[in-house]
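Below: the structure, in structure tokens.
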Amino acid sequence: MSVIYTPVRAAVSPSASLDEARQRPLSINTQQASVDGRSSGSRDSSSSGLEGHINKPIEAADEGLRKEIGLFSASSIIIGQVVGSGIFSTPASVALLCGTPYMALILWLISGVVSLGGALGSAELGTMFPQNGGMIRYLAHAYRRPRALVATIMAYSVTFFCRPAAIAANVAIFAQYFFYAAGRRDFIESRDYLLRAIGAIAMTVLMLLNMVSVRWSLRLLNAFAVIKMLTLLIVSFTGFLLMVGAIERTPGTNWSRGFSGTRLDAQSFASAMTRLFWSWEGWSNVGYVVGEVKNVKRNLPLSLGLAMSTLAVLYIFANVAYFSVIPLEDIDNGTLLAAQFMDKIFGKVMGQVILPVCIGLSILGVVMSELFGGGRLMYTAGKTGFVPYGAMLGEIHPRFGTPIYAMAIIWALSLVFLFAPPPGEAFDLLVELVQEGMWYFYALTAFGVIILRRRLPCYPLRRFRSSLILAFLFGALSFALGLLQFYPPADIPGKEARAVPYYLAPLLGVIFMALCAIPWYLRMWRYANRTGAQLLRWINDEEQEVMQMTEDEIWRLGN
């Protein structure tokens, strides 16, 4: 038998206080789950859909979502989001900011270890709250007062802005690499809206696949992950051969200079670390779909640990490969560093045709991962009551088993962000705006690991413990990087300065997050007080139900 919580309006009479109304229990419907794991009570029973659909705290199956994500697919979701075009271009700017490849390698290693700490902290929270939603759900449990303000701001800013804007930013540039490979670089500069139209078509095809089949979506995600890893392995293995002397290095310059010429002032450090951490960003995506992960207590920590550790090794070897072949003085900031490397080692066909196609597919894989997780984000925002019309957003298609309405909204918002900004600086500003707000949410999530370790020390579903030291370091660095966006960036040799003021993007990002407090007030205070709706009762119910679970129930939940 499965238990499904359904929100009810607390009747508020003139003689009854609002506090008494809030204390009335939620109704509990007991229903037999169907054979395929979907419950007949997955649709919100409220006629208006405004109360927010409160799902049963534990079983993803009760939500109509099937557990189809295994270890490999979970790792593919992580790799699909982390590996885009960054590792093929970022090492150039990082090395130029640091002054020497040796210092760049140290910063890559530090940022990788700290990012792994953040990822493992997310794994701990994911095993504690094994439902879709990721940081939305984690922040709701860690910062319950005042009325889940932090989680609500995150729900609105990420689902309605950051995620669709990130999808638009990535899908707008993936076609550039195919035109580059075809030798039509003039299209990249003069056909901006053509590139966006191609991106819109690709995004629509991927979204339709996400809507109709979880299984085939995961297969495509796995295929994109294989392409990314093969491309990265070619570069990294070449770096390993160069390191052991199997391939002759370019004589002089880079490695022979040691740390001579290193410059790491505050501006250079801030600019370098910003680029480095965004090269690691993306591991949080698997948290948004954790309710569909099989054997979550094993596969979630293992996928995060394996994916991030493997990428750390490959990233280091890729840097060794680049700077064993290309002297710092010869780096062309107008060209991908990986393309320069491939030209010198394998010839122009590899560097100017095959590699750009692989990078284009890698970016398409990022879009696929963002669409897959973005639909679950919007779905969770509705199911948990943070946004209105939870019945619609939480609707699971009875045949496809996907949140089709939530995914359709993400698709529509992405189209708006794709075509609304004019070409040039305005679109670049959109990309920077996407990045700004996430630093603070990452920091608060990392600190949330520490808060919940203290508040719920014996929580039965905490089946994995991360390093609190690394969680604190990741939280502190993430918060610092958010603030450092207001610090003047360092100049990179060979790269033109932006016409838009450096502080505009972070300032607009902070203003946007502050504005998200308006819907929080209207829903969590004004609407809840006027109707007596129990919008946040689910947070306490999830924790209390887990504390009362038997060992057998805990074991079944994790398998």
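By convention here, the first residue in the shown sequence is residue 1. In what follows, every heavy atom counts, from backbone to side chain, and hydrogens, waters and symmetry copies are set aside.
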Test item: [X] side-chain N/O and [Y] main-chain N/O as donor-acceptor pair under 3.5 Å:
{"X": "Asn285", "Y": "Ser369", "value": "yes"}
{"X": "Tyr322", "Y": "Ala92", "value": "no"}
{"X": "Thr380", "Y": "Asn132", "value": "yes"}
{"X": "Thr127", "Y": "Glu124", "value": "yes"}
{"X": "Ser362", "Y": "Cys358", "value": "yes"}
{"X": "Asn319", "Y": "Leu105", "value": "no"}
{"X": "Gln485", "Y": "Leu481", "value": "yes"}
{"X": "Ser122", "Y": "Gly118", "value": "no"}
{"X": "Tyr156", "Y": "Phe386", "value": "yes"}
{"X": "Ser217", "Y": "Leu209", "value": "yes"}

Have Ser284 and Tyr442 got a donor and an acceptor in their side chains that come within less than 3.5 Å?
yes
In terms of heavy-atom contacts, does [atom1] of [X] have more than 12 from other residues, nucleotides or ligands at under 6.0 Å?
{"X": "Arg215", "atom1": "CZ", "value": "no"}
{"X": "Phe512", "atom1": "CZ", "value": "yes"}
{"X": "Phe486", "atom1": "CZ", "value": "yes"}

Going through the checks in order, is the side-chain contact (heavy atoms from CB on, under 4.5 Å) test met by Phe464 and Arg298?
CA-CA 9 Å; Phe464 173 79; Arg298 169 185 177 270; over 6 Å; no
Criterion side-chain contact (heavy atoms from CB on, under 4.5 Å) on Phe72 and Leu221, from CA distance to verdict
CA-CA 10 Å; Phe72 185 77; Leu221 274 169; over 6 Å; no
If we only count heavy atoms from C-beta on, is the [X] to [Y] side-chain gap below 4.5 Å?
{"X": "Leu194", "Y": "Phe179", "result": "yes"}
{"X": "Asn210", "Y": "Met368", "result": "yes"}
{"X": "Ile409", "Y": "Tyr389", "result": "no"}
{"X": "Phe479", "Y": "Trp439", "result": "no"}
{"X": "Trp108", "Y": "Ile87", "result": "yes"}

Carefully, step by step, assess Phe417 and Phe161 under the rule ring-ring contact (aromatic ring centres under 6.0 Å, His included).
CA-CA 9 Å; Phe417 284 111; Phe161 179 75; 5.3 Å; yes
Closest non-hydrogen atom pair, [X] against [Y]:
{"X": "Leu116", "Y": "Ser309", "value": "CD2-OG, 4.2 Å"}
{"X": "Val171", "Y": "Gly199", "value": "CG2-O, 2.9 Å"}
{"X": "Ala339", "Y": "Leu355", "value": "N-CD2, 3.5 Å"}

One pair to check against side chain to side chain donor-acceptor pair (under 3.5 Å): Ser115 and Trp283. What are the steps and the verdict?
CA-CA 9 Å; Ser115 295; Trp283 45 262; 4.9 Å; no
Axial cation check for Tyr193 ring with Arg196, 6.0 Å and 45° limits:
yes
Determine, step by step, whether Asn222 and Ser73 satisfy the side-chain contact (heavy atoms from CB on, under 4.5 Å) criterion, reporting the C-alpha distance in whole Å, the side-chain angles of both residues, the deciding distance to 0.1 Å, and the verdict.
CA-CA 6 Å; Asn222 294 341; Ser73 293; 3.3 Å; yes
Starting from the C-alpha separation in whole Å, work towards a yes-or-no answer on side-chain contact (heavy atoms from CB on, under 4.5 Å) for Met207 and Ile167.
CA-CA 11 Å; Met207 179 57 85; Ile167 293 171; over 6 Å; no
